[in-house]
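Scroll down for the structure; my scribbles are underneath it.
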Amino acid sequence: MRQITEDPAVLPILAGKALEICHFDPITLEDKGAKTCGKACYECLLDYGNQPDHKDLNRHSIRDLLAELSKSECRPAGGTGSRAERMAALLKRCDSKLEQRWLNLVDNLKLNPPSDAQYLIESCSTKPDFFYSEYSAAIYIDGPPHDEPDQIRSDEAITQRLMEMGYAVIRFHHNANWNEIFNRHPDIFGKSRA
Ligand SMILES: [Zn+2]
């Protein structure tokens with residue numbers, strides 16, 4: 001999914017491959033399965049797992065849509081989406097120098113940028129500093145005020161509540177080794193390519 005949003009070439013490749021699987025030439029749309037396959041066969045859309053749907057599966061009904069997708073250009077919704085532009089927009093929404101430092105590190109290490117900054121999770125009455133919507137991951141950058149006992153207790157309560165609701169919570173303490181934390185979550189941040 002990430003590749004589709006980040007690389008405009010991926011969706012056309014996928015659509016072309018899907019046409020091939022459905023026995024259509026991805027360029028000319030010639031039906032190469034006319035003799036061997038009617039609406040669908042076990043070489044294309046049918047498998048034992050989708051038997052209840054066999055009567056509805058018809059490779060011809062998706063041909064034109066796939067053909068369109070194979071010539072499409074994929075852009076993130078919300079328009080202009082180069083990495084640099086997204087980073088700049090996120091940077092503007094940072095609340096502190098520490099958050100800016102974190103974001104710049106993400107950028108320098110070529111890690112995945114968060115989808116949001118100061119993202120309100122209403123059900124838990126909390127606004128993580130950053131948020132990865134794809135992973136429901138809330139990121140907190142904890143500066144020195146978070147070392148106060150009262151704040152520690154309240155942070156722990158928020159973490160608990162979020163996890164009960166199915167969110168992942170990752171806290172970057174101002175004194176922690178941030179690279180190490182990134183490395184612990186390659187599924188969310190990606191692998192450092194710096
Ligand atoms: Zn077939």
Side-chain angles (χ1 to χ4, degrees), residues 1-94 103 106-123 128 130-139 165-168 170 182 185-194:
M1 287 301 282
R2 194 184 308 137
Q3 285 180 342
I4 289 175
T5 57
E6 288 182 354
D7 183 350
V10 169
L11 192 64
I13 292 171
L14 286 179
K17 188 72 203 166
L19 281 169
E20 263 179 61
I21 290 171
C22 290
H23 315 296
F24 296 112
D25 183 294
I27 308 294
T28 65
L29 298 185
E30 182 199 340
D31 185 359
K32 296 179 158 175
K35 290 204 179 88
T36 52
C37 176
K39 289 180 181 172
C41 70
Y42 279 88
E43 295 292 315
C44 56
L45 299 177
L46 307 187
D47 66 37
Y48 293 101
N50 63 18
Q51 263 172 351
D53 303 314
H54 282 191
K55 60 179 180 357
D56 302 317
L57 293 174
N58 182 348
R59 63 193 176 92
H60 297 280
S61 65
I62 200 174
R63 186 195 69 175
D64 291 346
L65 178 63
L66 288 175
E68 243 177 82
L69 288 176
S70 72
K71 286 176 259 162
S72 68
E73 194 182 329
C74 190
R75 291 175 208 259
T80 63
S82 79
R83 181 183 169 95
E85 282 165 326
R86 268 193 289 167
M87 278 295 177
L90 287 166
L91 207 55
K92 270 194 211 144
R93 281 154 63 196
C94 285
L103 197 62
V106 165
D107 201 22
N108 292 339
L109 294 174
K110 309 239 186 309
L111 297 168
N112 302 326
S115 46
D116 267 294
Q118 317 304 332
Y119 179 82
L120 176 66
I121 301 176
E122 240 175 320
S123 58
F130 299 101
F131 191 67
Y132 286 80
S133 57
E134 199 181 337
Y135 305 97
S136 299
I139 313 297
M165 299 287 286
Y167 291 95
I170 304 173
F182 285 131
H185 303 279
D187 47 332
I188 294 169
F189 300 114
K191 282 220 168 68
S192 166
R193 278 166 280 169

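Owing to the predicted nature of the structure, the values given are computational and were not obtained by experimental measurement.
Between the OG atom of S70 and the CG atom of L29 there is a distance of 7.0 Å, given to the nearest 0.5 Å. A distance of 6.0 Å separates CG in L57 from CG in L46, rounded to the nearest 0.5 Å. Rounding to the nearest 0.5 angstrom, the gap separating the CG atom in L90 from the CD atom in E85 is 12.0 Å. Interatomic distance, K32 NZ to H23 NE2, rounded to the nearest 0.5 Å: 12.0 Å. Residue L103 holds its CG atom at 13.0 Å from NZ of K92, rounded to the nearest 0.5 Å.
With sequence neighbours left out, the ring pair (Phe, Tyr, Trp, His ring centres under 6.0 Å) criterion links Y48 to Y42.
The closest side-chain heavy-atom distance from E134 to S115 is not below 4.5 Å.
Q51 CD: more than 12 foreign heavy atoms inside a 6.0 Å radius. Sparse packing is recorded around CD of E43, with 12 or fewer heavy atoms of other residues, nucleotides or ligands lying under 6.0 Å away.
Closest heavy-atom contact between R59 and C44: CD-SG, 4.2 Å. When every heavy atom of R93 is checked against every heavy atom of A117, the shortest pair comes out as NH2-O, 3.0 Å. The two atoms that bring A15 and L69 nearest to each other are CB-CB, 3.7 Å, heavy atoms only. In plain terms, the two heavy atoms of P12 and S72 that are nearest each other are CG-O, 3.2 Å. Of all heavy-atom pairs between P114 and F130, the closest is CG-CD2, 3.7 Å. Taking each heavy atom of S61 and N58 in turn, the nearest pair found is OG-O, 2.8 Å.
Taking the six-membered ring for Trp, Y132 and H185 have ring centres at least 6.0 Å apart.
Taking the six-membered ring where tryptophan is involved, the planes of F182 and F189 are perpendicular, since the angle between them exceeds 60° and thus also 30°.
Proximity of a side-chain donor or acceptor of N50 to a complementary backbone N or O of L45 within less than 3.5 Å is detected.
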